[in-house]
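Below, chains carry the letters A, B, ... as their sequence lines are ordered, and counting in each starts from 1. What's counted below: heavy atoms across the whole structure, side chains too, no hydrogens, waters or symmetry copies. Bear in mind the structure is a predicted one, so any value in this text is a computation, not a measurement.
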Protein chains: 2
Amino acid sequence: MATIKDVARVAGVSISTISKYMNGGNVRPDNAQAIREAIAALDYRANPFARNLKIQRSRSIGVLLPDMAAPFYGTVVMSLDKTLREHGYHTQISVYGSNYGLERDNLRFLITNGIDGLVYIPEDLSCDEFYELTASIGIPTVQIDRIIPGVAGDAVLVDNGEAVYQAVSRLIEKGHSRIAIITGPKSVFTAKERLGGYLRALSDHGILFDDELVISDQNAFATGYRGCETLLALDEPPTAVFTTNYDITIGLVTAARERGVRIPEDMDIFGFDCVEVCAMMRPPLPVVHQPEQEIGQTAAAYLIERLNGYDGPPRTTRLKCRLAPE
Amino acid sequence: MATIKDVARVAGVSISTISKYMNGGNVRPDNAQAIREAIAALDYRANPFARNLKIQRSRSIGVLLPDMAAPFYGTVVMSLDKTLREHGYHTQISVYGSNYGLERDNLRFLITNGIDGLVYIPEDLSCDEFYELTASIGIPTVQIDRIIPGVAGDAVLVDNGEAVYQAVSRLIEKGHSRIAIITGPKSVFTAKERLGGYLRALSDHGILFDDELVISDQNAFATGYRGCETLLALDEPPTAVFTTNYDITIGLVTAARERGVRIPEDMDIFGFDCVEVCAMMRPPLPVVHQPEQEIGQTAAAYLIERLNGYDGPPRTTRLKCRLAPE
DNA sequence: CACCAAAAGCGAAACGATTCGTTTGTACGG
DNA sequence: CCGTACAAACGAATCGTTTCGCTTTTGGTG
């Protein structure tokens with residue numbers, strides 16, 4: 001593999017001139033020509049490791065997230081990667097699978113690995129732990145989808161409470177008063193916020209809250225599936241169910257269908273995230289649709305600003321969700 | 001930020017002893033203790049850039065793929081990342097969005113960026129171009145899902161032809177003889193193979209091939225959606241349709257449902273990939289299910305073997321798909 | 001207690017770029 | 001023809017590790 005030294009020798013100029021040329025500095029035309037030829041002849045490529053050592057940056061952004069199977073995450077990551085790449089950064093992902101030990105380990109791994117910035121969907125980490133792991137490094141971090149309360153840093157979230165409020169209100173306006181909710185672990189930020197929206201919608205419409213109608217467990221297919229069984233077994237089952245996550249929604253619908261429960265006649269369902277899938281049902285299953293692309297773009301933009309030296313106070317953006325169909 | 005030199009000074013031993021300690025070499029217990037204390041006191045972490053430069057490796061694997069929104073890709077990447085991380089590698093992704101210029105650019109970007117290995121789902125790149133871009137680097141590559149014909153390297157594929165053969169045979173056994181197929185671009189490896197399985201199934205069952213019944217376009221929702229319109233407009237529409245991709249399947253079902261076409265009575269559909277989603281329909285829509293986890297694991301294992309020095313001939317694994325429901 | 005092999009420690013030379021301060025080269029006006 | 005000003009080229013130092021060849025220390029044995 002040719003080094004900058006070889007190029008200098010072949011082109012007949014000094015190493016520093018090659019470096020200047022490579023980095024877009026001014027070089028005499030005849031030298032530029034000679035350098036070009038030498039580079040071509042030797043098939044020279046700058047060694048990224050040497051450069052990184054010298055400048056102490058890697059142009060690499062870590063993305064730490066709990067899952068990638070659900071389309072929500074894939075779409076966000078795709079959008080992140082696109083924007084970051086346009087600015088010369090690459091995307092290093094790390095999936096912890098909602099496994100709490102892994103969440104720490106992978107964060108440590110990313111950090112000790114020379115990332116320039118971090119995009120993070122937290123789940124279990126506490127504020128103190130986060131600072132303990134990241135403080136000494138001092139790289140910019142953008143939290144997305146969820147936040148660790150107390151961590152001061154940029155964040156891109158959606159208006160969970162408001163979106164759920166509207167969705168549940170729609171169910172109420174359709175005449176439902178026994179409305180269940182199936183949601184993720186109550187410790188998870190999004191679950192809390194979404195539950196909040198649900199409660200507020202009930203209360204604003206004068207509906208009494210019944211804790212039999214609240215199911216909270218892993219963000220998983222099984223939670224929706226078993227939730228359906230649980231709800232149907234109640235003395236007075238709900239007439240409508242709101243779900244707060246892709247997998248839960250799919251699980252619930254599957255279980256309902258298997259039991260011959262008619263949707264929406266026997267059980268009206270309002271889901272989350274699975275836009276294309278739910279649009280395909282007859283009648284279309286209404287869902288809350290998060291702006292995945294925008295989340296990725298905004299997070300990337302925040303990060304790049306910080307990497308370019310912006311040093312303002314932490315910013316939190318709340319992006320609006322849409323209800324689909326409108 | 002503390003360096004190894006600082007640790008050496010504080011611990012009262014030489015730099016090389018620190019290095020040895022850090023890399024698991026034998027060190028006298030008293031020294032080990034002193035080193036541990038110095039590291040803790042200084043909050044020392046080895047500088048990854050310096051290490052990479054010295055050893056000329058990054059422990060980073062590039063993953064180049066066309067899309068991430070469909071759950072298939074997310075699941076494969078998740079499984080890749082898991083296995084790689086267990087072996088101390090991290091995963092650097094790059095999505096080219098079925099954009100041919102980007103496929104080249106992103107490959108170049110990854111390569112000039114010091115990856116130790118590559119996992120690649122190719123789409124448009126030719127064999128020559130691939131070699132031109134990668135030859136001088138000499139990193140191990142595993143192609144997954146698809147291959148560039150002529151490229152000698154490890155590959156992990158599924159038995160596309162066989163899976164489709166069986167799926168279409170099922171439709172035939174149910175009595176269908178006018179069976180359409182909606183598939184991706186004919187230039188794409190998987191589309192070709194899947195189309196091959198379809199043709200073989202027809203021919204083995206003595207059914208004449210009708211090219212009106214073959215629709216080939218982008219792997220996208222719109223292709224399935226419009227495909228439905230096209231097929232229904234035929235003088236003699238098909239009684240069954242086989243789709244070869246997640247997005248196409250969803251598009252087709254959506255269009256059918258919107259038109260009041262009953263599934264399976266008016267149009268029997270056999271889909272691809274969307275396992276949970278299709279299981280949730282009534283009756284469940286049968287699909288070809290690819291072993292995403294196994295694809296990721298196998299690819300990662302191949303790569304790691306090569307990175308550990310294995311230098312045997314290229315290996316191609318064909319993993320079996322399942323039909324679901326069985 | 002002396003000897004020896006094995007173990008551990010040491011210092012210096014890489015790895016391949018960027019960068020800073022200095023020297024050389026070029027062009028132009030007086 | 002010389003002096004000056006400015007651009008370009010240069011050389012050396014540096015980033016923080018790993019590794020190699022050698023010296024010192026250690027601990028077991030006769």
Closest-nucleotide 5' rank along DNA chain C - winner of B:Val13 and B:Leu53:
B:Val13
May I ask you to decide if the ring planes of A:His90 and B:Phe109 are parallel, tilted or perpendicular, using 30° and 60° as cut-offs?
perpendicular
To the nearest 0.5 Å, atom CD1 of A:Ile55 lies from atom CZ of A:Arg59 at 7.0 Å
Pick the closest DNA chain D nucleotide for B:Arg28 and for B:Phe49 by heavy atoms, then say which residue is nearer the 5' end.
B:Phe49
Output the single nucleotide from D:dT18, D:dA9, C:dA8 whose closest atom is nearest the side chain of A:Asn31.
D:dA9
B:Arg108/B:Glu129 salt bridge by N-O under 4.0 Å criterion:
no
Candidates C:dC10, D:dG16, C:dT19 - which lies nearest the side chain of B:Ser16:
C:dC10
How would you label the contact of B:Thr3 with the nucleic acid (heavy atoms, under 4.0 Å): base, sugar-phosphate, or nothing?
sugar-phosphate
Look at B:Asp154 together with B:Arg306 and state whether they make a salt bridge at an N to O cut-off of under 4.0 Å.
yes
By the 4.0 Å heavy-atom rule, please label B:Ser19 as base, sugar-phosphate, or nothing.
base
Pick base, sugar-phosphate or nothing for A:Ile18, based on heavy-atom distances below 4.0 Å to the nucleic acid.
nothing
Contact class for A:Arg45 (heavy atom, under 4.0 Å): base, sugar-phosphate, or nothing?
sugar-phosphate
Counting any heavy atom closer than 4.0 Å, what does B:Asn23 reach on the DNA or RNA strands: base, sugar-phosphate only, or nothing?
sugar-phosphate
Interatomic distance, A:Ile55 CD1 vs C:dC20 C1' [rounded to whole Å]:
17 Å
Have a look at A:Tyr21 and say if it touches a base, only the backbone sugar-phosphate, or nothing, with a 4.0 Å heavy-atom cut-off.
nothing
